Asks: 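First, the structure itself, so that you have it in front of you.
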Amino acid sequence: MANTADDRKSEFFEKRKILHDRIKAGKQDEVIDWYHKEAVLYDELTKAGYENMDALDGAVGMLALAKEKKIYTKFIHTVVNKEKVADVADGTYDAVCMGGSFGPKHSCLDTLPTLLRMLKPDGVFIFNYQQLMADQYDDFSYDSVDKRFAKFENEGICKVLEKIPCFHRTDEPGYLAVLQRGRAVIA
C-alpha cells in the first residue's frame, strides 16, 4: 500500500498532524528529528511554523542533506545509544520525531530512555516501527514493545497516547507510536 512516494508522504503528513496537534502553539517550540531521505515531515513542520529544530544523525551524509534544507538550528553528529547525548541537555525538546530509525545497526528499544530524557515533561515522542523488524528481531516484537511501554508507564516515565497501525516504506505493516513524557526522572 505505502509503496509509492505519495503513499509515504501521506504517512508523514499524518505524523505532522499528530505532532502539530500535540505541541504547544508558537514558533519557538523545539523539535528534534532524525532526518532521513523522505524529509516531507520536516518540510511540513516548517510550513506549520516550527522554526527551532535540530537535526541529529549518526551519518555525516544525512546531516549534509539536512543542512541543504536550511531549516535546522543545530546539527548533532552522534549515534543514539543508552548514554545521554552530550550535545543535548535533559528536558530540551517539546518533541522528538523519528522516522525509519528503529532496526539493526540503528536504534533499538534500549535507546528509548535516552530519547525520552531529551523531552520536556509532557513532551511527545513520535516514531514508527514495522512488522518486518518484529518478525526478524526479538527486541522489536510487538510483545517486547508493548512490555517496554507498560514498564515506562508504570514508572511514570511516559504514557502511550496513540499507537496507530501504519505502513512504512513498503507494504510492511507496523505502528506509529506517540508517547508523552511523564515527570519521573530517568536514571
Side-chain angles (χ1 to χ4, degrees), residues 2 8-23 29-45 50 53-59 62 66 72 76 78-82 85 88 92-120 122-153 157-170 172-182 186:
R8 289 189 301 271
K9 285 179 184 178
S10 292
E11 178 184 334
F12 288 120
F13 288 131
E14 181 64 26
K15 284 185 188 178
R16 197 261 328 140
K17 180 187 177 305
I18 291 168
L19 183 61
H20 188 66
D21 289 347
R22 296 282 187 250
I23 299 175
D29 288 336
E30 293 182 291
V31 179
I32 188 169
D33 58 72
W34 273 242
Y35 190 88
H36 71 86
K37 65 181 180 176
E38 301 289 346
V40 176
L41 170 63
Y42 316 112
D43 293 337
E44 288 301 307
L45 286 169
Y50 300 103
M53 295 187 287
D54 296 343
L56 184 150
D57 205 294
M62 295 311 289
Y72 299 98
I76 304 165
T78 191
V79 174
V80 176
N81 55 38
K82 294 179 187 179
V85 175
V88 180
T92 296
Y93 299 106
D94 292 307
V96 170
C97 184
M98 189 165 142
S101 296
F102 275 111
K105 299 183 182 176
H106 287 76
S107 293
C108 65
L109 290 179
D110 288 340
T111 63
L112 284 176
T114 302
L115 297 163
L116 291 165
R117 187 182 289 119
M118 295 178 188
L119 288 169
K120 295 176 183 175
D122 299 323
V124 293
F125 175 39
I126 301 173
F127 66 99
N128 61 325
Y129 56 101
Q130 64 190 64
Q131 180 64 42
L132 179 64
M133 293 291 105
D135 290 344
Q136 296 176 2
Y137 304 95
D138 289 339
D139 191 36
F140 291 96
S141 73
Y142 291 158
D143 186 50
S144 293
V145 173
D146 288 342
K147 285 179 181 174
R148 190 68 58 104
F149 289 169
K151 178 182 182 291
F152 289 156
E153 284 195 56
I157 292 171
C158 70
K159 67 179 177 179
V160 177
L161 295 179
E162 297 182 76
K163 188 174 144 187
I164 305 163
C166 69
F167 292 89
H168 176 69
R169 291 191 190 171
T170 66
E172 291 293 329
Y175 285 99
L176 175 69
V178 182
L179 308 181
Q180 183 175 41
R181 178 73 170 95
I186 299 174

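In what follows, residues are counted from 1 in the order of the sequence shown. If you're wondering where the values come from, they're calculated on a predicted model, not measured in any experiment.
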Asks: For Lys120 versus Thr92, what's the shortest heavy-atom pair and its separation?
Replies: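 For Lys120 and Thr92, the tightest heavy-atom pair comes out as CE-O, 3.3 Å.
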Asks: Measure the spacing between NZ of Lys159 and CG of Leu161 and express it to the nearest 0.5 Å.
Replies: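 Answer rounded to 0.5 Å: 6.0 Å.
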Asks: Within the distance-only criterion (no hydrogens, no angle test), does the side chain of Arg181 pair as donor or acceptor with the backbone N or O of Leu116 below 3.5 angstrom?
Replies: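 Judged by distance alone, yes, a pair lies under 3.5 Å.
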Asks: So, taking the atom named OG1 in Thr111 and the one named CZ in Phe127, what distance separates them when rounded to the nearest 0.5 Å?
Replies: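 Answer rounded to 0.5 Å: 9.0 Å.
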Asks: Between atom CG of Leu112 and atom CZ of Phe149, what is the distance when rounded to the nearest 0.5 Å?
Replies: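 Interatomic distance, Leu112 CG to Phe149 CZ, rounded to 0.5 Å: 6.5 Å.
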Asks: Using every non-hydrogen atom in the two residues, find where Asp122 and Gln180 come nearest and quote the distance to one decimal.
Replies: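 In this case the closest contact between Asp122 and Gln180 is O-NE2, 3.3 Å.
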Asks: Counting only N and O atoms by type, is there a donor-acceptor contact under 3.5 Å from the side chain of Thr114 to the main-chain atoms of Asn81?
Replies: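 Side chain of Thr114 to backbone of Asn81: a pair is present.
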Asks: For Pro113 and Asp110, work out which heavy atoms get closest and say how close.
Replies: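 Reported closest heavy-atom pair: CD-O, 3.4 Å.
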Asks: As an exercise, state the distance from NZ of Lys163 to CG of Leu179, rounded to the nearest 0.5 Å.
Replies: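 It is 10.5 Å, given to the nearest 0.5 Å.
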Asks: How long is the straight-line distance from CG of Leu115 back to CZ of Arg117, given to the nearest 0.5 Å?
Replies: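 The distance works out to 9.5 Å.
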Asks: Could you tell me if the side chain of Asp54 sits less than 4.5 Å from the side chain of Met118, heavy atoms only?
Replies: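 Counting from C-beta outward, Met118 and Asp54 never come under 4.5 Å.
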